[in-house]
Participant: 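Okay, here's the structure, questions in a sec.
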Amino acid sequence: GQNIDQPTEMTATEGAIVQINCTYQTSGFNGLFWYQQHAGEAPTFLSYNVLDGLEEKGRFSSFLSRSKGYSYLLLKELQMKDSASYLCAVTGAGNNRKLIWGLGTSLAVNP
Amino acid sequence: DAEITQSPRHKITETGRQVTLACHQTWNHNNMFWYRQDLGHGLRLIHYSYGVQDTNKGEVSDGYSVSRSNTEDLPLTLESAASSQTSVYFCASSEFSGGNTEAFFGQGTRLTVV
């Protein structure tokens with residue numbers, strides 16, 4: 001089967017660092033995405049990893065280990081506006097252009 | 001700027017009525033998707049299309065249909081609305097380019113079936 005697991009909820013303090021984990025078991029792999037979704041809004045793209053290692057983009061970084069079926073999203077210098085749901089998604093191999101979605105991690109940033 | 005738009009943003013309908021939700025994208029993307037999002041279930045794929053005249057069923061397609069007569073539009077039809085179809089619906093589009101199939105989402109349609 002295909003499955004993506006993420007923690008349901010996390011809390012953190014403004015200015016801190018938080019790591020959101022994602023593990024996946026899929027039939028084939030062609031990349032892993034992280035999306036951010038604020039309450040009442042559409043998901044928006046944050047990052048894409050297809051090779052092992054860390055991709056850094058400003059305050060946000062994403063890591064991938066294909067052999068472990070594992071990724072994390074690292075958010076630094078947290079701001080109140082980072083309170084949102086963070087969705088992990090995986091694409092299958094070959095021409096499979098569908099995304100398989102995790103349920104999302106709801107992050108609350110407290111002052 | 002290219003965009004993807006959904007209409008209406010909010011809709012209330014009665015059980016048994018046919019409802020069509022519109023999705024229009026100006027990215028010229030080949031791939032288009034319809035999802036529903038419910039608490040505890042995340043994003044679930046209803047139908048998708050990889051190009052004109054191509055449509056495919058997703059994991060929760062019962063009671064829904066789509067048609068793709070041009071690149072820009074993928075309307076979603078609820079044949080006979082049921083209360084279980086009360087949800088937030090998102091349309092998305094993407095262009096397959098190797099592995100990076102970044103999807104762009106519409107603003108969502110909140111549908112209530114009473």
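Given the structure is predicted, the values throughout are model-derived calculations rather than measurements. Here is the naming used below: chain letters follow the sequence lines, and residue numbers restart at 1 for every chain. Basis for what follows: all heavy atoms, side chains included, without hydrogens, waters or symmetry-related copies.
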Participant: Check whether Q6(A) reaches the backbone of Y86(A) with its side chain - one donor and one acceptor, N or O, closer than 3.5 Å.
Facilitator: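 Yes; at least one donor-acceptor contact below 3.5 Å.
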
Participant: Search all heavy atoms of K57(B) against all heavy atoms of Y48(B) and return the closest pair with its distance.
Facilitator: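 Closest approach of K57(B) to Y48(B): O-CE2, 3.5 Å.
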
Participant: Just how far is it from atom CD of E77(A) to atom CZ of F60(A), taken to the nearest 0.5 Å?
Facilitator: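 Going from CD on E77(A) over to CZ on F60(A), the span is 11.0 Å.
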
Participant: So L87(A) and S85(A), side chain to side chain contact (heavy atoms under 4.5 Å, CB included) or not? Walk me through it.
Facilitator: CA-CA 6 Å; L87(A) 311 177; S85(A) 185; 3.8 Å; yes

Participant: Report, as yes or no, whether the 6.0 Å neighbourhood of atom CG on L54(A) holds more than 12 heavy atoms from other residues, nucleotides or ligands.
Facilitator: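 Atom CG in L54(A) is packed in, count exceeds 12.
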
Participant: How about R110(B): does its CZ atom have over 12 heavy atoms from other parts shown lying under 6.0 Å from it?
Facilitator: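 At most 12 heavy atoms, drawn from other residues, nucleotides or ligands, come within 6.0 Å of this atom.
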
Participant: Identify the residues of residues 67-85 of chain B whose heavy atoms come closer than 4.5 Å to a heavy atom of chain A, ordered by number, or report 'none'.
Facilitator: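 Heavy-atom contacts from residues 67-85 of chain B to chain A are absent.
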
Participant: Compare every heavy atom of R36(B) with every heavy atom of I46(B), then report the nearest pair and how far apart it is.
Facilitator: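 Looking at all heavy atoms of both residues, the closest pair is CD1-N, 3.8 Å.
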
Participant: Looking at R66(A), I'd like to know if its CZ atom is crowded, meaning that more than 12 non-hydrogen atoms belonging to other residues, nucleotides or ligands lie closer than 6.0 Å.
Facilitator: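 It does: R66(A) CZ has more than 12 such atoms within range.
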
Participant: Students often mix this up, so state it plainly: with edges at 30° and 60°, are the rings of Y35(A) and F45(A) parallel, tilted or perpendicular?
Facilitator: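 The rings of Y35(A) and F45(A) stand perpendicular, inter-plane angle above 60°.
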
Participant: Please output the residues of residues 101-111 of chain A in contact with chain B, using a heavy-atom cutoff of under 4.5 Å, in numerical order.
Facilitator: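 Checking residues 101-111 of chain A against chain B gives W101(A), L103(A).
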
Participant: Could you look at F104(B) and say if it's the side chain, the backbone, both or neither that has a heavy atom under 4.5 Å from chain A?
Facilitator: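 F104(B) has no heavy atom closer than 4.5 Å to chain A.
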
Participant: Check E56(A) against S61(A) and note the closest heavy-atom contact, atom names and distance.
Facilitator: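 Where E56(A) meets S61(A) most closely, the heavy atoms are CG-OG, 3.4 Å.
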
Participant: By a 4.5 Å heavy-atom criterion (distance strictly below it), what part of A92(B) contacts chain A: side chain, backbone, both, or neither?
Facilitator: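 Answer is neither: A92(B) stays 4.5 Å or more from chain A.
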
Participant: Counting only heavy atoms closer than 4.5 Å, note whether Q37(B) contacts chain A via side chain, backbone, both or neither.
Facilitator: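 Contact with chain A is through the side chain of Q37(B) alone.
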
Participant: Checking heavy atoms, do the side chain of L43(B), its backbone, both or neither come under 4.5 Å from chain A?
Facilitator: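 It is both, since atoms from each part get that close.
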
Participant: Evaluate the ring planes of F63(A) and Y72(A), with Trp represented by its six-membered ring, and classify them as parallel (under 30°), tilted (30 to 60°) or perpendicular (over 60°).
Facilitator: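 Plane angle under 30°, so parallel.
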
